[in-house]
Each structure stands twice: as structure tokens, then as C-alpha cells.
Amino acid sequence: MIIVLCPLIVLMILGGVVALEATSLLSSVVLLGIVGFGLSAAFLILQAPDLAIVQIVVETLSLIIFIAVILKTTSKDTSTRGRGRTPHYVMAAAFALIFVLAASWALASIPPFGMPSLRMAEAYLSPNSLLQPTGAANLVAAVILDFRGYDTLGEATVLFTAVMGVLAVLRKTGRKP
Amino acid sequence: MRGMTPIVKTVTRGMAGMIFLYGIYIVLHGHLTPGGGFAGGVMVAAAFVLVFLAKGSPEAVSEAKKERSSMAESLGILTFWVLAMIGLIGGTFFYNFLTKGKPFRLLSAGFIPLNNIAIGIEVAGALFAIFITLAVLKAGGKK
Amino acid sequence: MNLIPLFVAIPLAMAFVMPLFGRLSRLLPDLLGNAATLALAALSCAMINLPMMVYKVGGWEPVNGVPIGIYLVVDGLAVLMLLIINVIGFAVSVYSIEYMRKYTDKARFYTLFLLMMAGMNGVVISGDMFNLYVFLEVAAIASYALVAFGTEAEELEAAFKYQVMGTAASGFILVGIAVLYSLTGTLNMADAGKVILEQGRSQGALFAGALFLMGFGLKAAIMPFHAWLPDAHPSAPAPISAMLSGVLIKAIGIYALCRIFFNVIGLNLTTSYILMAMGALSMIAGVFLAIGQWDMKRLFAYHSISQMGYVVMAIGIGTPLAVLGGLFHLVNHATFKSLLFLNSGAVVYSTGNRDLQKMGGLNQRMPVTGATSLIASMSIAGIPPFNGFWSKLIIILAAVQAGYYGLAALAVVGSIMTLASFLKVQRYGFFGKLRPVWKKVREAPVFMCVSMVLLALLCVGMGLLLLPGVKDGLLDRAADAVTGGTDYSGLVLGK
């Protein structure tokens with residue numbers, strides 16, 4: 001599992017870095033696809049098919065929307081590059097280094113994944129869980145729509161808010177004359 | 001928006017319906033198999049987006065379509081809210097008030113399939129509304 | 001029937017209904033929006049003096065003492081925050097009736113506004129880390145869109161900057177929650193607090209603490225993380241500036257910081273020192289940056305950083321008196337800073353200008369705005385008997401009592417500088433000679449005045465919250481919830 005996962009994550013990080021440096025926005029977006037589809041594959045390897053399905057369809061649709069917008073507007077990256085950016089790179093690299101060191105130091109104290117099964121999840125996974133109190137055969141559906149349905153209302157609201165925000169910001173005129 | 005080549009149009013004609021149906025299947029079986037309202041809703045939206053991209057004409061994208069898909073989104077999430085509130089009236093917010101039925105049947109798990117359908121409508125409406133908004137923006141031009 | 005979920009359910013319902021029916025009539029968005037905020041304000045007043053309440057969403061009882069569903073918890077601190085959010089929210093929504101006429105698409109404005117209210121209420125009543133994060137995102141995303149509501153280039157740029165910083169903050173918070181979840185195996189804050197107490201504080205908890213400090217620090221705009229605030233807050237429409245500066249940075253910044261650090265991870269001396277240092281830095285640097293500003297809204301925005309510095313410093317000191325002072329200052333800041341932003345909105349509404357150098361003598365033409373802004377300025381500068389004086393006094397006394405004489409001196413210096421910069425606002429903006437350009441200026445419309453007067457009355461009257469009988473019911477209970485620390489677990493889960 002870990003043998004497949006590590007190269008995949010390295011590939012995703014490389015995709016992200018190269019996407020930042022690409023001169024054409026179109027290639028940038030396609031490179032970001034590596035991150036998205038790589039994440040989907042990672043979910044599949046970690047045995048989370050629900051997440052993998054959502055990730056792959058969301059990635060596909062957002063890629064289509066990005067490309068449609070870029071084809072209609074411009075694919076030129078107008079941000080400043082080259083000179084004067086070295087301090088930013090140094091700072092970013094320093095932050096990343098500190099973050100990784102701190103994380104690896106801290107994560108040593110965390111018990112390995114799934115062993116023992118998480119305190120809260122134990123009840124969801126109980127031996128008679130096939131006949132869950134929720135009656136759902138898909139454990140994930142039982143958790144996100146019944147045990148933690150309130151969270152899902154919140155997440156659906158996040159999407160609703162995002163759409164309302166897009167519709168509000170992309171109005172033709174903001175102020176009345 | 002320009003349409004695409006006849007090859008794309010022909011393939012789209014065959015594919016879009018199937019993608020749509022698969023999305024519906026994923027939504028309806030969310031409580032039995034992997035997937036659910038979010039994944040299925042995105043697929044339904046993708047089917048619509050596909051048709052629009054392939055056959056697109058200036059008349060196809062309009063303000064009215066944007067409003068309608070935004071309304072579908074509101075209706076979907078409002079249904080989810082009502083399902084949660086029925087529980088509150090009966091005792092507890094988000095109480096699973098329907099009978100659980102036999103596991104592995106399509107009609108089981110209380111209100112979970114209903115929630116999945118509500119979320120599916122919401123997600124499909126939401127993503128299609130974003131797509132249409134961006135298309136209308138270009139067609140109309142801002143400022 | 002327990003009514004806690006209604007704090008989220010009411011604004012959400014109105015927000016969902018608005019796109020369906022908002023276009024039927026021009027009055028409907030105003031009616032629906034204000035009905036929702038009025039109901040919320042009434043509901044939050046009904047929460048005063050009730051005992052601590054725990055609500056199990058979905059009716060999921062704990063299994064072997066471990067909570068498996070989501071808990072909603074309303075304790076003293078949450079009641080205080082609910083009061084701030086919903087009362088200020090009501091005043092702001094009344095104000096928006098008139099003010100938002102200058103913008104198009106009012107229905108969508110109210111939708112986003114109510115979503116922001118729902119998000120903040122959701123954060124405050126939540127007893128679950130991930131649930132807190134979800135509602136924090138609802139509030140944050142609604143606020144990104146609201147900052148850009150005018151859709152001018154400058155506003156879009158500010159909103160973009162705000163969104164990038166906000167997303168980075170959310171990322172830190174989410175990673176922190178993930179670390180804490182894998183460490184404790186539970187998302188329930190009370191249960192997580194209990195597990196951390198049993199395990200002893202490991203490296204994982206420290207790392208999560210650092211992530212939370214960065215994340216919530218960014219959301220609260222404490223000094224090293226403040227860069228987005230002076231752009232984002234002035235760019236928003238005035239009612240939204242009032243909500244962002246007055247309420248949002250407290251609900252999703254300071255409140256969450258208090259909850260996680262005091263009730264879940266537990267405060268230690270290092271964190272205390274870091275909070276004090278960050279607070280003192282914000283307090284002084286914020287006021288020095290503010291005093292040079294000529295744009296009225298930008299000046300107020302820098303003062304938000306400075307005044308939040310007082311709150312963070314007091315909470316970092318951590319003695320019961322300091323925490324009481326900090327929370328009291330948080331409440332007071334919510335009233336006078338929202339009032340100041342509403343005043344600036346009234347000036348912009350009537351004159352179309354917010355540059356102090358071009359104003360002058362507006363008192364003659366806009367008496368209500370002038371008088372209420374004088375009250376707010378005196379409050380923020382800490383002039384007795386207005387509310388800001390009492391809370392600053394308590395903070396300074398608490399710093400002296402705890403032996404931090406340097407911090408007390410800095411707080412006094414900050415207060416004097418605040419007074420100076422608000423004398424500048426009053427001198428250039430509202431007193432002095434009326435310029436000929438503004439001869440025809442008229443006072444803001446009636447709903448805007450009503451809302452400003454309401455907040456001004458609160459500024460004058462809030463000192464009464466310190467009276468013995470009133471203090472026990474509200475402020476003391478909020479301070480107890482914070483200083484009680486990890487007792488929170490026992491109270492929520494039941495021994």
C-alpha cells in the first residue's frame with residue numbers, strides 16, 4: 001500500500017509545483033488534474049471508494065469548467081515572475097521545511113492508522129453493524145447522513161453559499177446608477 | 001458558445017442519457033453502495049454540461065436557465081432542511097423518523113435515501129448554476 | 001422541545017427560501033431577512049440565565065460513555081456570543097433595509113447575510129470540532145462573497161486577498177482537527193479534552209495547538225496574521241463591514257481560539273505567553289498604523305486589530321479577572337465598532353465620500369450620525385462612563401494584579417493613542433466648519449438612524465452589565481466557562 005502511495009504523493013506534489021510555474025494557464029489546469037486524479041487514486045488505495053468516486057467526478061467537472069473559462073478568456077499567466085521573487089521562494093521553502101520537520105516530530109506520537117479503531121468510530125463498526133441502528137448497508141452513508149447528518153447539512157450549505165457567492169459576485173452591475 | 005463537430009455531437013447524444021441515468025442510480029443506491037447524493041449529483045450536472053458544451057448555441061445559455069437551476073438547488077437543500085426539521089417537531093433535530101426496513105433493500109434505512117435525493121438535486125443544480133453563470137458572463141460581457 | 005437547533009435552522013430556512021421567492025416582491029427580501037434576525041435576537045435573549053444545555057443531534061445517545069453523534073453545547077460563553085451575534089445582526093439587518101438600496105440584487109445580499117449568521121451561530125453552539133469547522137466555512141465563504149458585493153475592481157481584489165488568506169487559515173484548522181482526531185479518536189470537543197487529559201499532552205497535541213493558533217489567528221487577524229483585514233473590511237458594504245469587524249472575527253476567531261485552547265487542549269504557560277505577546281503587539285502596532293489613516297473605514301479597520309489585541313492579551317493573562325475583562329471588552333467592541341462602521345456607512349450614503357480630509361462639520365447636517373459616532377468614539381477611546389472604559393479598566397487592573405506591569409502600561413499607551421485617533425476622526429469629520437460642498441447633505445434615512453441609535457444606547461448602557469445582579473448571570477458565567485478549562489468535558493459528558 002505504502003509503496004504505491006508514496007510515488008503517487010510525490011507525483012501530486014510535483015504536479016502542484018509545476019502547475020504554479022507553468023507559463024500557460026491551460027497547462028497549469030491540466031497539471032492540477034494530476035493532483036486531483038492522483039488524490040482519487042490515493043483514496044482508492046486507502047480503501048475509501050465513496051471518496052474516490054466523489055473526487056473523480058468533481059475533478060472532471062471542475063477541469064471542464066476551468067478549461068471552458070480559459071478557452072473563452074485568456075491562457076496567459078500575467079503574474080510577475082523572475083527577478084525579485086527569490087526571497088519569496090526562500091521563505092516558502094523555509095516554512096515548508098519547518099512544517100515538515102514539526103509534523104514528522106509530532107506525528108510520531110500518533111497511533112498508527114486504524115489501530116486501535118478510533119474511539120468514536122467504534123460504535124459505527126460494532127459487530128452487529130450490518131443491522132446498523134440506521135438500517136443502511138453502506139456504512140459511509142450511515143455516518144454522513146444519519147449519525148452526522150447535521151454536518152452534511154452544513155456541507156450542503158457550504159456549496160449553496162459558494163453558488164450564491166458566485167451568482168452575487170458575477171452580477172452585471174453591482175451598484176445602482 | 002459554439003457547438004462542436006458532428007462526431008462529438010453524435011457521441012454526446014448517446015452518452016449524455018447514460019451518464020444522467022448512472023448519476024440517478026448512484027444517488028438512489030447511495031445507502032447501499034459507494035456513492036451518494038454528492039457523487040450522483042455531480043454526474044447529473046456533468047451530463048447537462050456535456051450537452052451544453054457539445055451542442056451549445058448562443059440561445060442555449062440564458063439568464064432564465066441560470067435562475068431555474070439556482071431554484072432547483074434551493075428546492076433540493078430546502079427538502080433536506082425539511083427532513084431534518086420533521087425530526088425536530090417529533091423530538092430531535094435530524095431524528096431518523098422513518099422505518100428502517102430490511103437492510104440491502106432499496107427502500108430501507110429510513111430517511112437516508114430521501115436525504116440522498118435532496119442532496120443530489122442540490123448538488124446538480126449548484127454545479128450547473130456555476131457553469132451557466134460563467135457561460136452567461138462571457139456571452140453577455142461584464143460592464 | 002429544546003430550541004437550540006433553531007439558531008441554525010431559522011436563518012438557513014430563510015436563506016434557502018430567498019432565491020425561490022425573493023423576486024416576487026420588492027419588500028419580501030427585507031421582510032424575510034428582518035423577521036429571521038428579529039426571531040434570532042429574541043431567541044438569544046431567551047437563552048440568558050438558563051442552565052448549561054447539551055443537545056444530541058439525531059437523538060444519538062453515547063455508547064459506553066463515548067459520544068457518537070454531534071453534540072450542541074450552549075454554556076455561558078456560547079450564550080454571550082449568541083447575544084452578540086444576533087443582537088448586532090438584527091441592528092445591521094435593519095440598517096441594510098435602506099443602505100442596500102444603493103446596490104442591486106438585495107435578495108441575494110440577504111441570502112448571504114443570513115448564511116453568514118447561520119454559520120456564526122453554528123460555530124458558537126457546536127460541541128464538535130468538525131461541525132465547528134463546517135459552519136466556520138459557511139460563515140467564511142459567505143463573508144468572502146459579501147466583501148466583493150459591490151463588484152468593483154478594488155473590492156474584488158480585496159475579496160480575493162481575503163479569500164486566499166482565509167482558505168490558508170481554514171487549511172491549517174482542518175489539518176489541526178485531523179491531527180487531534182487521529183490522536184484522540186473522537187471529534188467531540190468534550191471527549192477529546194478528556195482523552196488529552198488522560199494521555200497527557202503529547203507532541204501531537206502541541207502541533208495541533210500550533211496549527212490552531214495559526215488558523216484561528218489568521219481568522220481573528222491577530223498581529224503577524226493581520227495583513228488581509230485592512231483591505232477586506234473597508235471594501236465591504238458598510239453593514240457587512242460592521243458584521244465582519246464587530247462579530248465575525250470574534251465568532252470564528254477569538255471564540256474558537258478560547259474554546260479549543262481552554263476547553264480542549266488546555267492552556268499552558270507557553271501558549272499564555274504567546275497569546276500575551278501577540279495581543280500586546282496587535283494592540284500597539286494596530287493603533288500606530290490606524291492613527292495615520294485618512295480613509296475613515298480603513299482607520300476603523302486598523303482599530304479592530306488593536307482592540308482585538310486587548311482581548312487576546314487579556315485572555316492570555318488567563319486570571320479570572322483578566323478573562324472577565326477580555327470577554328467584556330469583546331462584547332463592548334462588538335457594539336461600538338459596528339456602530340462606527342454604520343456611522344461611516346451613513347456618511348458614505350449621504351455624501352458618497354469617506355476621506356476624512358474632505359469632510360468637516362457634518363454634525364450640522366447629520367445630527368444623529370454625528371451624535372452616535374461621538375458616543376462610539378468615546379466608548380472605543382475608553383472615556384467614562386461609556387462601556388469601553390469599564391472593560392479597559394478591568395483589563396489594566398487584571399494585568400497589574402497578575403504582575404504584568406509592562407502590559408498594563410502598554411494598554412494605557414494604546415488607549416491614549418486610540419483617544420488621539422478618534423479625536424482626529426471627530427475633529428476632521430463631524431466638528432469644525434461645514435464645507436460648502438456638503439451644504440445640501442441630508443441625514444441618513446430613518447431605519448439607518450434607528451439602528452445606529454439602538455447601538456448607541458447599548459454603548460451607553462452596557463456598563464450596567466457590571467452591576468452585581470446582572471454580572472453573575474452573563475459575564476461571570478462566560479468567564480467561568482473559559483477559566484473552568486478542561487472541566488468542560490465533565491460538564492458536557494456528565495460525570
Side-chain angles (χ1 to χ4, degrees), chain A residues 44 48-62 64-69 71-73 129-153 155-174, chain B residues 1 23 26 29-40 42-43 45-46 49-50 53 66 70 73-74 76-77 80-81 83-84 93-94 96 99-105 108-113 115-116 118-119 122-123 125-127 129-131 133-138 140-143:
Chain A
L44 213 53
D50 284 82
L51 285 174
I53 292 176
V54 175
Q55 177 62 34
I56 205 159
V57 288
V58 168
E59 187 58 36
T60 311
L61 193 59
S62 54
I64 291 174
I65 293 180
F66 272 135
I67 291 177
V69 168
L71 288 182
K72 281 159 171 298
T73 51
S129 71
L130 213 53
L131 305 169
Q132 282 273 346
T134 66
N138 179 2
L139 206 85
V140 177
V143 174
I144 64 171
L145 288 171
D146 201 338
F147 291 114
R148 300 185 69 88
Y150 181 51
D151 267 355
T152 308
L153 177 65
E155 277 151 32
T157 309
V158 168
L159 185 60
F160 179 81
T161 313
V163 174
M164 285 300 129
V166 169
L167 296 188
V169 171
L170 295 181
R171 283 173 300 156
K172 288 233 165 63
T173 48
Chain B
M1 273 172 89
I26 291 272
H29 288 71
H31 57 300
L32 304 176
T33 54
F38 275 102
V42 181
M43 284 177 202
V49 169
L50 186 62
L53 281 182
K66 181 173 93 182
S70 160
E73 182 200 5
S74 293
I77 196 162
F80 192 20
W81 181 86
L83 286 167
F93 198 47
F94 265 102
N96 193 343
T99 170
K100 308 295 180 297
K102 283 190 186 152
F104 297 106
R105 293 284 180 81
S108 67
F111 73 167
I112 292 183
N115 280 347
N116 260 330
I119 292 177
E122 196 252 334
V123 171
L127 292 177
I130 292 182
F131 176 77
T133 311
L134 292 170
V136 168
L137 180 73
K138 182 58 190 173
K142 194 172 150 68
K143 300 273 146 61

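Lettering of chains follows the sequences in order, A, B, ..., and the numbering in each one begins at 1.
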To the nearest 0.5 Å, what is the distance between [atom1] on [X] and [atom2] on [Y]?
| X | Y | atom1 | atom2 | value |
| --- | --- | --- | --- | --- |
| B:F131 | A:I64 | CZ | CD1 | 8.0 Å |
| A:T157 | B:E122 | OG1 | CD | 7.5 Å |
| A:T60 | B:L50 | OG1 | CG | 11.5 Å |

With sequence neighbours excluded, residues passing salt bridge (charged side-chain N to carboxylate O under 4.0 Å, His left out) with A:D151: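 Result, salt bridge (charged side-chain N to carboxylate O under 4.0 Å, His left out) vs A:D151: A:R148.
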Would you mind checking which part of [X] comes under 4.5 Å of any heavy atom in chain A, side chain (CB onward), backbone (N, CA, C, O), both or neither?
| X | result |
| --- | --- |
| B:L32 | both |
| B:A84 | neither |
| B:V49 | side chain |

Could you report the tightest heavy-atom contact between [X] and [Y], atom names first, then the distance?
| X | Y | result |
| --- | --- | --- |
| B:G30 | A:A141 | O-CB, 3.4 Å |
| A:G149 | B:F80 | O-CZ, 4.0 Å |
| B:S74 | A:F160 | OG-CE1, 3.6 Å |
| A:L159 | B:E73 | O-OE2, 4.1 Å |

Under 3.5 Å, which donor-acceptor pairs link side chains of residues 50-57 of chain A to any protein atom two or more places apart or in another chain?
residue	atom	partner	partner atom	Å
A:D50	OD2	A:N138	ND2	3.3
A:D50	OD2	B:G35	N	2.9
A:Q55	NE2	A:G36	O	3.4

Determine the sole option in A:L153, A:D146, A:L145 for which the side chain to side chain contact (heavy atoms under 4.5 Å, CB included) test with B:F94 is passed.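 Option passing the side chain to side chain contact (heavy atoms under 4.5 Å, CB included) with B:F94: A:L153.
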